[in-house]
Amino acid sequence: MPELPEVETVRTGLQRLLVGRTVKEARHDNQKSFPNSVEDINAFLIGARVMAVRRRGKVLIIDLNTGYSLVTHLKMTGQLVFVDSKEASSAKKRFGAGHPNESLVGLLPDRSTRVTITLNDAAILYFNDQRKFGWMRLLPTVAVPEIDFFKKLGPEPLQSEFTFRVFDERIMRRKKSRIKAVLLDQTVIAGIGNIYADESLWGAKIHPETRVDQISQVKRRALHQSIVSVLQLSIDKGGSTDRNYVNAEGKKGSYIQFAKVFRKEGTPCQRCGTTILKMRSAGRGTHICPKCQRVVK
DNA sequence: CACTTGACCTGTCCGC
DNA sequence: TGCGGACAGGTCAAGT
């Protein structure tokens, strides 16, 4: 669901579409999705100009010129969709208050819309979230790195600082844990979720249940490389649309077509032809090639 | 400390 | 056709 490549794809789109625009109006239907007070919203969001759109792990940070940032976690089913003024008015004319169809995701509010932010030029930013796990909140920009989630968050895997040495030191702190659980732990590495954990482990030929201290250094190096290349490839493909992920323009990503194991159970492994299996590891649906990724006892 | 389970949610799919 | 239940998986909190 939105993992690092998906959130990065949204970030790139919003950076281009939002920076320089100002906020005219904000509506939200649900205190859980956007817990700030009306006073805070009026003081720090309405009238604010967007300065930059950043990402840390799976979290988006929209910096405003009021000294506040709009921080958003999409969790499982969240979407941040920008609709320009032309699209917004023509969709309104054609569909009235109806629901958008497949090709018009995000062009109109639907029952999953939690927050609607109208911009100065009549463009609209929707925060949609079917399952209400996601959240959006206004925080002072200087306070953003101080929230618990960010203080504990691991390094960004696509920055040059993420060397094998850094990776290895961090996973080896969890040497008695199973590697899949470690990859999913955001305090070890930021941004990996279920899709890219499975894809990275297939790339390095490591079984997800292997204890970290049972993995050879050669394979740990392969895993480091695999994580970086899988995440980068996915960004190049605009992320994975498994269920309802869309980018800032409401468009789907295509990485899933290039996936080697994720949701590929029953199909032959591209390396050896063995049938891909689905199992459970770290409480998650987990996809492996049982021949390439051997269980280590 | 490692690990599992449950909670948070809603839509979809499967079997009866 | 309807209905109950399993399942999807990011994160946190509580339990083993």
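Given the structure is predicted, the values throughout are model-derived calculations rather than measurements. Letters go in sequence order (proteins before strands), and every chain restarts at 1.
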Practice task
Could you measure between the two P atoms, the one in dG9(C) and the one in dC14(B), and give it in whole Å?
Solution key: 16 Å

Problem - Path from V115(A) to L70(A) over hydrophobic side-chain contacts below 4.5 Å - result: yes

Tabulate atom names and distances for all N/O pairs under 3.5 angstrom spanning the protein and nucleotides 4-8 of chain C.
residue	atom	partner	partner atom	Å
dA8(C)	OP1	K278(A)	NZ	2.3
dA8(C)	OP2	R280(A)	NH1	2.9
dA8(C)	O3'	R263(A)	NH2	3.2
dA8(C)	N3	R131(A)	NH1	3.2

Handout entry: Distance-only side-chain donor-acceptor flag, S85(A) / D121(A), under 3.5 Å
Key = no

Practice task
Report yes if a side-chain nitrogen or oxygen of H73(A) is closer than 4.0 Å to either non-bridging phosphate oxygen (OP1 or OP2) of dT11(C); otherwise report no.
Solution key: yes

Problem - Non-hydrogen atoms of R280(A) and G285(A) that approach each other most closely - result: NH1-N, 3.9 Å

Handout entry: Distance in Å, D198(A) CG paired with I192(A) CD1, rounded so as to fall on 0.5 Å steps
Key = 11.5 Å

Practice task
Answer yes if the side chains of S240(A) and Y196(A) hold a donor-acceptor pair under 3.5 Å, and no otherwise.
Solution key: yes

Handout entry: Between dA13(C) and dC9(B) - P atom distance, rounded Å
Key = 15 Å

Problem - Short side-chain N/O contact to dG10(C) OP1/OP2 from Q186(A), under 4.0 Å - result: no

Handout entry: Pair Q270(A), K260(A): side-chain N/O donor-acceptor within cut-off below 3.5 Å
Key = yes

Practice task
Anything under 4.0 Å to a heavy atom of chain A counts; send over the first and last such nucleotide of DNA chain B, read 5' to 3'.
Solution key: dA2(B) to dG11(B)

Handout entry: Test item: side-chain donor near acceptor, K180(A) and T286(A), under 3.5 Å
Key = yes

Handout entry: Rounded distance in Å between the P positions of dC7(C) and dT5(B)
Key = 13 Å

Fill in the blank from the handout: Taking every heavy atom of L223(A) against every heavy atom of S200(A), the minimum-distance pair comes out as CD1-O, 3.8 Å

Completion exercise
Symbol by symbol from the 5' end, with Watson-Crick or G-U pairs under 3.5 Å, [ ] crossing and | another strand, DNA chain C is .|||||||.|||||||

